[in-house]
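First comes the structure, then the notes that go with it.
Residue numbers start at 1 and run along the sequence shown. No hydrogens, no waters, no symmetry mates; every other heavy atom, side chains included, goes into these values. Counting convention: from 1, in listed order, for ligands and their atoms alike.
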Amino acid sequence: GLPDFSQAVVIGTGYGAAVTALRLGEAGIPTVMLEMGQLWDTPSADGSVFSPMLSPDKRSMWLKDRSEMPLASFLWFDINRNIERYTGVLDRVRYGDMSVYLGRGVGGGSLVNGAMAVTPRRSYFEEILPDVDAGEMYGTYFPRANAELGVNEIDRDWFEDCDAYQYARLSRKHAEKAGYRTTFVPSVYDFDYMRREEAGEVPRSALDSEVIFGNNHGKRSLDKTYLAAALGTGNVTIKTLQEVRDIRRAADGTYRLTVRELDETGGTVARREMGARHLFLGAGSIGSTELLVRARDTGTLPGLGEEIGRGWGPNGNVMLGRANHMWNLTGSLQSGMPALGIDAWDDPAHPVFAEIAPMPAGIELWASLYLAITKNPARGHFTYDAASDSAKLQWTAEQGQASIDAAKVHFDRINGVNNTVYRHDLFGDTRAFENRFTYHPLGGVVLGEATDLYGRVKGYDNLYVTDGALIPGSTGVNPFVTITALAERNVDRVLAADIRR
Ligand code: FDA
């Protein structure tokens, strides 16, 4: 069950939520976290907590009848399989021309992501959030976020001769031949653990292809970092399989939530009400935006403004593959955790940061895969759909074209110099570039637009957004370090000015 009231309620358990709960707990504030997904700590009959990557079972996906891998095919064979509907760990939310991959469970996206922990370039951070004091961010909050998240770097000597990164070394060679610079990508996957995996000393996870359906070992997901620390304060509790549906304000100024308890097939066990004095939305760009769009347009929080639901972007994500020559092996063993990126962000016309992604299929595929992050100014917005009682993203394929154009400039050059071609069999049809899904949804409740400069929602006291919804559609790198650092900054201010007052 749920308590009837808590001084603070945090919705979600992803990055923004976890930071907020830890700092509230440390300050002695009783805090309840409401998470729609499960706690992932109990092994199933196969001895593992998470589904195997290459033979997904019901644990892999959130309430789907079939797995939905980002690569739909190899040589046009569908690689997905039928599964039982279950409250699994990876969701894919579809909106017309764009679908969004999300983590569900205690830890949110940290359970399923590639662990790449990248601090954005300061000049770009200043461009996207010009009213945030960058000196303070780079002096205090980015270092704090990196330390709490347990960010580490790969041992360069090991990288140069291990089998698991042959795919990355080959892509580096091809990029450098075309005049590009590559850079090592920090990670929250424990690289010492990975070395012991290779040595056969511990159970394999990254070296057993695990990533998007959860890592059974090695990854410092939020349940092992921020959330463990939050629980350790003794002031924070986490309630799972609790989906917040509606938010309204009581006459005394506190918030009342309608919360749906789910069973493991997505059915409704109960609907309950819970109150909070301070309400923190950490349900992610999609989740937090939907809650506020619904509250505004159904009239439960009628004072919310037009900026709610605006400024959304996919962080310019484009995925592509290149076909390698027969003699250029990428290796049948590929670490699921990327470690290297091609940094062309300084290109004035087409800034691109392209992570060299694994294709951990367990067999040689003669292919190199990339997730390119591009600088695309197009933004989508959300509208409320009464029939489905949900928020719908308005985004068209044409809005993503600039991202493809930018990636193409650089990968055409890499292909040209190396005499290679694109793969056309990876995305379900014959396209070479895939920009119809994102791993990096950002925006919807943008900092300084829909909220003040610390995430306080405009029009309401004691109502805050803490997560990726605050970031205006782009960070130029993988986003979780930015989300974490911004949440650290905002909660510092809110604790000092609003709660301890
Ligand atoms: P996040 O999405 O993490 O958490 C939101 C939580 O709220 C979820 O647990 C959700 O279940 C819950 N929730 C939503 N609505 C709710 C409701 N109404 N009631 C209750 N609970 C609700 N980033 C990066 O920096 N490096 C990387 O390598 C990658 N790789 C990557 C791979 C894949 C496959 C994905 C899907 C994503 C990534 N990312 C990534 C992106 C990164 O994971 C993402 O940016 C963050 O998790 C976003 O953090 P938030 O705090 O915004 O929310």
Out of [options], whose heavy atom is nearest to [atom]?
atom: atom 8 (C) of ligand 1; options: G103, G287, G14; value: G103
atom: atom 23 (N) of ligand 1; options: P479, A18, A487; value: P479
atom: atom 21 (N) of ligand 1; options: M36, M33, M337; value: M36

Please check if any side-chain donor atom of [X] sits under 3.5 Å from a side-chain acceptor atom of [Y], or the reverse.
X: S474; Y: Y124; value: yes
X: T330; Y: Q334; value: yes
X: Q38; Y: T240; value: no
X: S403; Y: N376; value: yes
X: Q394; Y: T383; value: yes
X: S221; Y: D223; value: yes
X: T31; Y: N235; value: no

To which protein heavy atom is [atom] closest, and what is the distance rounded to 0.1 Å?
atom: atom 41 (C) of ligand 1; result: Y439 O, 3.3 Å
atom: atom 36 (C) of ligand 1; result: Y101 O, 3.4 Å
atom: atom 46 (C) of ligand 1; result: Y15 CD1, 3.6 Å
atom: atom 12 (C) of ligand 1; result: E35 OE1, 3.4 Å
atom: atom 26 (N) of ligand 1; result: M116 O, 2.8 Å
atom: atom 24 (C) of ligand 1; result: F480 CD2, 3.1 Å
atom: atom 18 (N) of ligand 1; result: V244 O, 3.0 Å
atom: atom 1 (P) of ligand 1; result: G109 N, 3.9 Å

How are the rings of F437 and Y101 set relative to one another: parallel (under 30°), tilted (30 to 60°) or perpendicular (over 60°)?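 Perpendicular: the ring planes of F437 and Y101 meet at over 60°.
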Is the distance between the ring centroids of [X] and [Y] less than 6.0 Å?
X: Y15; Y: Y226; result: no
X: F125; Y: F142; result: yes
X: F382; Y: Y384; result: no

Measuring from the heavy atoms of G282, does anything fall under 4.0 Å of ligand 1?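 Yes; G282 lies near enough to ligand 1 that a heavy-atom distance drops under 4.0 Å.
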Determine, for R59 against E264, whether the closest basic-nitrogen to carboxylate-oxygen distance falls under 4.0 angstrom.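 Result for this pair is no, no salt bridge flagged.
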Do NZ/NE/NH1/NH2 and the carboxylate oxygens of K458 and D452 come within less than 4.0 Å?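 Salt bridge between K458 and D452, a charged N being under 4.0 Å from a carboxylate O: no.
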Contacting atoms of ligand 1, where contact means under 4.0 angstrom from a heavy atom of [X]:
X: I212; answer: 34 (C)
X: L34; answer: 20 (C), 21 (N)
X: G468; answer: 52 (O)
X: G108; answer: 3 (O), 4 (O), 8 (C), 9 (O)
X: Q242; answer: 19 (N), 20 (C)
X: D467; answer: 50 (P), 51 (O), 52 (O)
X: G284; answer: 5 (C), 52 (O), 53 (O)
X: R104; answer: 10 (C), 11 (O), 14 (C)

For ligand 1, which part of [X] has a heavy atom less than 4.0 Å away: the side chain, the backbone, both, or neither?
X: I11; answer: side chain
X: R245; answer: neither
X: N113; answer: both
X: N478; answer: both
X: A115; answer: backbone

Tell me whether [X] has any N or O atom under 3.5 angstrom from an N or O of ligand 1.
X: G16; answer: yes
X: G105; answer: yes
X: V112; answer: no
X: L90; answer: no

Who pairs with P56 by side chain to side chain contact (heavy atoms under 4.5 Å, CB included), at least two apart in sequence or on another chain?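 With sequence neighbours excluded, P56 shows a side chain to side chain contact (heavy atoms under 4.5 Å, CB included) to S51, S60, S67, M69, R81, F213, given in chain and number order.
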Counting only heavy atoms on the protein side, is anything nearer than 4.0 Å to atom 44 (C) of ligand 1? no
Judged by atom type as modelled, is there a donor-acceptor pair below 3.5 Å linking the side chain of D263 to the main-chain atoms of G267?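 It does hold such a pair.
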Can you establish whether the number of heavy atoms outside R493 located under 6.0 Å from its atom CZ is more than 12?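 Open.
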Honestly, is R489 close enough over Y141, meaning NZ or CZ under 6.0 Å from the six-membered ring centre and within 45° of the axis? no
